[in-house]
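Residue numbers run from 1 in the order of the sequence given.
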Amino acid sequence: MACFPDSLYPEGMCRNIKPLFNFAPPATDADIRAAALQFVRKIAGTRTPSKQNTDAFEVAVEEIFQSSKRMLDGLVATTPPKDRARFEAMKRLRYKKAESR
């Protein structure tokens with residue numbers, strides 16, 4: 001995941017949240033937590049909360065992580081899992097094509 005470095009949150013901030021369901025290998029807790037962090041950053045409008053807002057920010061990340069994990073654990077796939085490495089390679093290829101235009 002290509003993200004910008006951030007001292008408080010080492011995962012960085014990405015432009016979008018990647019799909020996590022029905023992939024092989026399955027999403028890890030780190031993947032789910034990174035998506036939760038990206039979501040909270042997006043709706044908060046900031047990568048790094050102020051000292052006064054850090055606790056609320058971290059609580060929101062944890063709640064969204066837990067909720068997302070429960071949802072992913074409860075979903076049932078009706079198609080075979082997609083290959084994560086191939087999915088990421090195709091995404092990079094699309095990005096390079098768009099960048100060269």
Side-chain angles (χ1 to χ4, degrees):
M1 185 174 3
C3 297
F4 302 105
D6 182 41
S7 59
L8 186 57
Y9 297 96
E11 299 90 30
M13 182 172 182
C14 295
R15 291 182 181 208
N16 58 26
I17 298 170
K18 66 182 181 177
L20 299 177
F21 178 63
N22 200 24
F23 279 94
T28 64
D29 283 358
D31 294 329
I32 300 168
R33 191 171 298 284
L37 175 61
Q38 291 170 26
F39 180 75
V40 170
R41 285 176 169 171
K42 181 60 111 177
I43 62 174
T46 183
R47 282 180 32 189
T48 308
S50 66
K51 284 183 181 182
Q52 298 159 321
N53 293 327
T54 299
D55 288 343
F57 199 88
E58 290 175 358
V59 166
V61 171
E62 183 61 26
E63 288 176 350
I64 292 168
F65 164 74
Q66 293 295 335
S67 177
S68 297
K69 180 140 177 65
R70 277 192 306 275
M71 180 196 67
L72 289 169
D73 289 345
L75 292 175
V76 176
T78 58
T79 61
K82 297 174 275 275
D83 181 277
R84 185 171 302 283
R86 183 167 185 242
F87 180 81
E88 293 295 328
M90 290 174 64
K91 193 165 84 173
R92 280 191 297 277
L93 182 61
R94 282 193 306 270
Y95 176 76
K96 285 182 180 181
K97 283 182 181 178
E99 195 175 62
S100 66
R101 291 180 190 170

>> Test of understanding: with side-chain contact (heavy atoms from CB on, under 4.5 Å), list the residues that count as partners of P26, not counting sequence neighbours.
In response: none
> What salt bridge (charged side-chain N to carboxylate O under 4.0 Å, His left out) pairs are there with at least one residue in residues 72-85, not counting sequence neighbours?
Replying inline: K69-D73
> Taking side chain as C-beta onward, heavy atoms only, is L72 less than 4.5 Å from L75?
Replying inline: yes
>> Please report the interatomic distance CG(L37) to CZ(F57), rounded to the nearest 0.5 Å.
In response: 6.0 Å
>> If you define the side chain from C-beta out and look only at heavy atoms, does anything of F39 sit under 4.5 Å from S68?
In response: no
>> The criterion is ring pair (Phe, Tyr, Trp, His ring centres under 6.0 Å); which residues satisfy it with F21, sequence neighbours excluded?
In response: none
> Which heavy atom of P19 sits nearest a heavy atom of F87, and at what distance?
Replying inline: CG-CZ, 3.8 Å
>> For V61 versus A36, what's the shortest heavy-atom pair and its separation?
In response: O-CB, 3.6 Å
>> How close do L20 and A27 get, counting heavy atoms only, and between which atoms?
In response: O-CB, 3.6 Å
>> Checking E62 now: which residues fulfil side chain to side chain donor-acceptor pair (under 3.5 Å) with it, not counting sequence neighbours?
In response: R33, Q66
>> Apply salt bridge (charged side-chain N to carboxylate O under 4.0 Å, His left out) to residues E99 and K96 and explain how you reach the verdict.
In response: CA-CA 5 Å; E99 195 175 62; K96 285 182 180 181; over 6 Å; no
> Which residues satisfy the side-chain contact (heavy atoms from CB on, under 4.5 Å) test with S50, sequence neighbours excluded?
Replying inline: Q52, N53
> What residues form a ring pair (Phe, Tyr, Trp, His ring centres under 6.0 Å) with F65, not counting sequence neighbours?
Replying inline: none
>> Please find the pair of heavy atoms, one from R41 and one from R47, that lie closest to each other, and give the distance.
In response: NE-O, 3.2 Å
